[in-house]
Amino acid sequence: MHRYVTVIQKINYVLFILVVFLLPFPQIFLRYTVVAWGISWLLEGRWLRKPQPSSFFVPCLLFAIWFVWEGVSALWAGHPALTGAEIERHLAIPMLLPVALWGVNDHYDLRMTRRVLMYGCLAAVPVYFFTMFWVFNHTCIEQAPEHLAAQWMPMKFFAENVSAIKHRLFLSSVEMIGIIAVCHRRKELQERYGTVEGWMLTIAAVATMSTLVVATGSRASLFTGIALIAITLIEHTPARRRMLAASAALVTVIAMSICIVEFHPRMQTFEWEHLKLEKLNADRNARLNIWSMALEHPQDYLWHGVGAGNSTVYLQERYAAHGYTTYIQRSYNSHNQYLTELLELGIFGLLLFCAAWFSMLYFPKKGKARQTAAYLTAIYMLNMFTDNMFGRFDGLALFCACMLICILYERIELPLIADGGRLPVTGIDNHSIG
């Protein structure tokens, strides 16, 4: 029996490492690995032991209650089959609750996890650039077979087509998490290679990942990146200078935001006079039209919603009412996670969803567990204004993997806090999990 448990534990850890590495890549590989990880965790039998709740138990509990509310909404959903598909898509969310209760085995190594995440994010850069370079030249050869010489790929082509492999917002979100992991590894790199070399490797890795984020053309990711810089500036400033840091962060956010608005290619077609949601215009940004139509009749969904997974059907009806046939053909969703929650689960479902996210900032203890949770929350809560982060498996897998990383951080930090030791921001880098 002991040998069985040991083997299952090792398999479970290897599958988790594989999940972390696959995060930047298409979800077809990621999906089956996550399912295999979940099965191996259950086979390990940790749930037969006495629970040792993580401080992330409350956020996981709130997300689990939100998931149950999705299931209850099938009672009044117009299309219960769509609710079933949504519940199946979100099954990874309640799986976090037992993990927050019973944790993971002792084979899990935080340093290795961060290292693999960094390698995966770095490997994704040449993979995506080479793939799109090959696709571009293949297209050129098909259109003009007499010109067989390879041509350099315009970055516009990359930005417009990379989402066919992995949606730009989800790819950028993973790379941002990778950047955070690299920054957390700086001390480790300095210990191994020296102070100067450690800094150079950290800067090179951050620059490489940032290149991919910029190349995707994701505007939301750039604004999110600015917010992360501001959070980092405030987080690493002593309390007595926190107000000064907050002021500097605000100036930085404003300045960098203006630069994005003025110079980002995809911002040049944005017409600010079209921001009024009550106006529909076929020439303006599609998201604004979608939000306008969705908010026309709040009485249809405000109190109980139309049922989980049914928001797109509701929107199709609104598109048809206004004659937006292109939106119907493309099956546009709301492109806003908060609006989706309001449409599907009503105002109480939306409030529960937001409460689960805000609890991520309140319940974790001090240290990198809380810091990582804050970064994850910032990335998701900002990106959810312009897309459905829980609408694709990519977003769910990244969320769950990051929650496990937060739990790993806490597993190291809690004994230090309990012993009364001082826990510096970078203090845990010298401790590994056995």
Which atom of Val19 lies closest to which atom of Thr33, heavy atoms considered: CG2-CG2, 3.5 Å
For Ile290, is there any backbone N or O sitting under 3.5 Å from a side-chain donor or acceptor partner on Tyr327? no
Side chain Asn137, main chain Phe133, donor-acceptor under 3.5 Å: yes
Establish, from distance only, whether the side-chain atoms of Thr340 and Asn388 form a donor-acceptor pair under 3.5 Å. yes
Using modelled atom types and a 3.5 Å cut-off, is there a donor and acceptor pairing between side-chain atoms of Arg168 and backbone atoms of Ala159? yes
Closest heavy-atom pair, Gly307 versus Thr83, reported as atoms and distance to 0.1 Å, is C-OG1, 4.4 Å
Let me know which of Phe353, Trp69, Trp66, Phe393 forms a ring-ring contact (aromatic ring centres under 6.0 Å, His included) with His90. Trp66
Could you pull out the closest heavy-atom pair between Leu62 and Ala356, with the gap in Å? CB-CB, 3.7 Å
Result of checking Tyr362, Tyr338, Phe63 against Trp357 for ring-ring contact (aromatic ring centres under 6.0 Å, His included): Phe63
I'd like to check Trp152 versus Phe136 (side-chain heavy atoms, cut-off strictly below 4.5 Å). Are they in contact? no
Minimal heavy-atom distance between Pro59 and Met360, with the atoms involved, is CB-SD, 3.9 Å
Could you tell me whether Met200 atom CE has more than 12 heavy atoms of other residues or ligands within 6.0 Å of it? no
Test side chain to side chain contact (heavy atoms under 4.5 Å, CB included) applied to Trp47 and Leu101, step by step: CA-CA 8 Å; Trp47 45 275; Leu101 271 173; over 6 Å; no
Arg46 versus Asn105, closest heavy-atom pair with distance: NH1-CA, 3.3 Å
Would you call Met132 and Asn161 a side-chain contact if the rule is heavy atoms closer than 4.5 Å? yes
Is there side-chain contact between Trp291 and Asn336, with at least one heavy-atom pair below 4.5 Å? yes
For the pair Ser311 and Glu344, evaluate side-chain hydrogen bond (donor to acceptor under 3.5 Å, both in side chains) and give the outcome as yes or no after the intermediate values. CA-CA 6 Å; Ser311 59; Glu344 296 185 352; 2.7 Å; yes
Under 3.5 Å: donor-acceptor pair, side chain of Gln337, backbone of Met389: yes
Please give me the minimum heavy-atom distance between Leu82 and Gly309, naming the atom from each residue. CB-O, 3.6 Å
With Thr211, which residues qualify under side chain to side chain contact (heavy atoms under 4.5 Å, CB included), at least two apart? Phe129
Just wondering, do Tyr108 and Asn12 contact through their side chains at under 4.5 Å, heavy atoms? yes
Can you say whether the rings of Tyr301 and Tyr314 are parallel (under 30°), tilted (30 to 60°) or perpendicular (over 60°)? perpendicular
When you check the side-chain N and O atoms of Ser173 and Tyr380, is any donor under 3.5 Å from an acceptor? no
Give the ring-plane orientation class for Phe16 versus Trp37, where under 30° counts as parallel, over 60° as perpendicular and anything between as tilted. tilted
Could you go step by step and tell me if Ser218 and Ser172 meet the side chain to side chain contact (heavy atoms under 4.5 Å, CB included) rule? CA-CA 8 Å; Ser218 174; Ser172 297; 3.9 Å; yes
Kindly determine whether Leu97 and Phe57 satisfy side chain to side chain contact (heavy atoms under 4.5 Å, CB included), including the steps that lead there. CA-CA 7 Å; Leu97 186 58; Phe57 170 73; 3.4 Å; yes
Strictly distance-based, threshold 3.5 Å: is any side-chain N or O of Tyr319 a donor or acceptor partner for the main-chain N or O of Tyr332? yes
Report yes if the side chains of Trp102 and Trp41 come closer than 4.5 Å at any heavy-atom pair, otherwise no. yes
May I ask you to say whether Asp387 pairs ionically with Arg287, meaning some side-chain N is under 4.0 Å from a carboxylate O? yes
Determine whether Leu343 and Leu339 satisfy the following criterion, side chain to side chain contact (heavy atoms under 4.5 Å, CB included), listing intermediate values before the conclusion. CA-CA 6 Å; Leu343 288 170; Leu339 182 55; 4.1 Å; yes
Has the side chain of His184 got a donor or acceptor atom that lies under 3.5 Å from a matching backbone atom of Val182? no
Between Val104 and Arg411, is any pair of side-chain heavy atoms under 4.5 Å apart? yes
Are Ser221 and Asn383 linked by a side-chain donor-acceptor pair shorter than 3.5 Å? no
Salt bridge or not for Glu191 and Arg111, using N-O below 4.0 Å? yes
Is there a donor-acceptor contact under 3.5 Å from the side chain of Thr131 to the main chain of Tyr128? no
Would the distance check show the side chain of Lys166 and the main-chain N or O of Phe25 forming a donor-acceptor pair, the cut-off being under 3.5 Å? yes
Answer yes or no: is there a side-chain heavy-atom contact under 4.5 Å between Arg185 and Thr202? no
May I ask you to test the Tyr13-Asp109 pair for a side-chain heavy-atom distance under 4.5 Å? yes
Evaluate the criterion salt bridge (Lys or Arg N to Asp or Glu O under 4.0 Å) for residue pair Glu188 and Arg114; output intermediate values, then yes/no. CA-CA 11 Å; Glu188 181 184 336; Arg114 290 188 307 199; 3.5 Å; yes
Does atom CZ (Phe348) have a neighbourhood of more than 12 heavy atoms from anything else shown, all under 6.0 Å? no
